[in-house]
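All values below come from the heavy atoms of this structure, side chains included, with hydrogens, waters and symmetry mates left out. Throughout, a chain's letter reflects where its sequence line sits, starting with A, and its residues are numbered from 1.
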Number of protein chains: 2
Amino acid sequence: MAIHKKEAFTQREQDLAAFAKALAHPARIAILKVLAQRNECICGEIVEILPLAQSTVSQHLKELKNAGLINGSVDGPRSCYCINWKAFEKFNQEFSWLFTNLKIKNEKSCC
Amino acid sequence: MAIHKKEAFTQREQDLAAFAKALAHPARIAILKVLAQRNECICGEIVEILPLAQSTVSQHLKELKNAGLINGSVDGPRSCYCINWKAFEKFNQEFSWLFTNLKIKNEKSCC
DNA sequence: TTATTTAATCGTATATTTGCGATATAAGAT
DNA sequence: ATCTTATATCGCAAATATACGATTAAATAA
């Protein structure tokens with residue numbers, strides 16, 4: 001396929017797509033739910049909750065972190081992850097822009 | 001990798017992930033924007049707007065349709081696509097459930 | 001009937017994602 | 001110093017996604 005053509009789209013489109021991609025796996029949705037429900041963030045127990053190997057969970061956490069959806073700090077042999085609400089707020093707005101704003105001017109579907 | 005383990009997660013997690021996946025490419029975001037902005041839906045011009053080959057655009061449209069984000073009807077040699085606002089509404093609520101509801105009980109990030 | 005137009009599908013190449021076991025790393029416990 | 005615990009990273013295999021050209025299908029125009 002030669003090259004991915006992502007760079008041919010606007011930054012806003014790319015950002016929104018990247019955010020969606022980070023959410024595009026049930027394991028990552030599940031991780032976010034766990035992180036959101038706990039108030040403290042010693043988060044090793046995620047591995048025990050998810051039906052996946054430790055290395056796989058670690059990889060999903062890395063993806064969420066790279067996408068900016070979660071913060072993480074290494075803390076000795078343990079790690080500490082928690083949700084980056086600021087980023088969520090930003091992207092929630094982007095989604096609203098896509099979902100809601102456009103809906104106003106085009107209420108009825110034509111097919 | 002043996003098998004994808006999607007089936008090990010809840011239906012709600014899978015559905016939300018599937019919706020996010022459909023949005024997880026800038027071309028599909030761009031397509032949705034075009035569809036939302038036009039009130040009529042003779043939508044062949046999408047191919048001319050996007051920097052992608054006709055077959056590739058057709059594939060992206062198929063994915064959006066399979067995910068339920070758009071409706072499409074074959075109409076002779078032409079096709080007619082438009083946004084399925086109902087599905088968007090549903091998933092917008094799912095996102096709110098993930099984004100907003102959980103935020104209330106956990107306002108401050110701990111790392 | 002035969003072209004033309006529009007869009008879907010097929011075949012294929014390449015890139016990316018997912019998953020796991022094995023290994024490495026790093027701090028604390030013994 | 002060595003063992004243990006908690007995570008990250010590496011290397012690999014298999015599955016999926018992305019992209020395109022070529023072909024097919026289906027309706028209309030000539």
Candidate nucleotides dC20(D), dT7(D), dC20(C), ranked by approach to the side chain of R78(A) - the nearest: dT7(D)
Nearest-neighbour nucleotide for the S79(A) side chain, dA8(D), dC20(C), dT18(D) considered: dA8(D)
Report yes if a side-chain nitrogen or oxygen of [X] is closer than 4.0 Å to either non-bridging phosphate oxygen (OP1 or OP2) of [N]; otherwise report no.
X      : N       : result
Y81(A) : dA6(D)  : no
H60(A) : dT17(C) : no
K21(B) : dA17(D) : yes

Rounded distance (nearest 0.5 Å) linking atom CD1 of I70(B) with atom CD1 of I83(B): 8.5 Å
Euclidean distance, N92(B) CG relative to N92(A) CG, rounded to 0.5 Å: 7.5 Å
Would you kindly give the [atom1]-to-[atom2] distance between [X] and [N], to the nearest whole Å?
X      : N       : atom1 : atom2 : answer
I46(B) : dT6(C)  : CD1   : C1'   : 13 Å
I31(A) : dT7(D)  : CD1   : P     : 13 Å
Q14(B) : dT18(C) : CD    : P     : 14 Å
I29(A) : dT18(C) : CD1   : C1'   : 16 Å
L61(B) : dA19(D) : CG    : P     : 13 Å
E63(B) : dA17(D) : CD    : P     : 7 Å
R28(B) : dA19(D) : CZ    : C1'   : 12 Å
K62(A) : dT18(C) : NZ    : P     : 14 Å

What is the minimum heavy-atom distance between [X] and [Y], and which atoms define it?
X      : Y      : value
F9(A)  : Q14(A) : O-NE2, 2.9 Å
L50(A) : A27(A) : CD1-O, 3.8 Å
L35(B) : Y81(B) : CD2-O, 3.5 Å

Parallel, tilted or perpendicular: rings of H60(A) and H25(A) (30°, 60°): tilted
Nucleotides 21-28 of chain D: protein proximity per nucleotide (B base, S sugar-phosphate only, - neither; heavy atom, under 4.0 Å): BB----S-
Check: G68(A) main-chain N/O paired with N84(A) side-chain donor or acceptor under 3.5 Å: yes
Short side-chain to backbone donor-acceptor contact, R28(B) and A22(B), under 3.5 Å: yes
E13(B) and T10(B): side chain donor to acceptor below 3.5 Å: yes
Angle between terminal axes - the helix from dT1(C)-dA30(D) to dT30(C)-dA1(D), 5 pairs each end, rounded to 10°: 0°
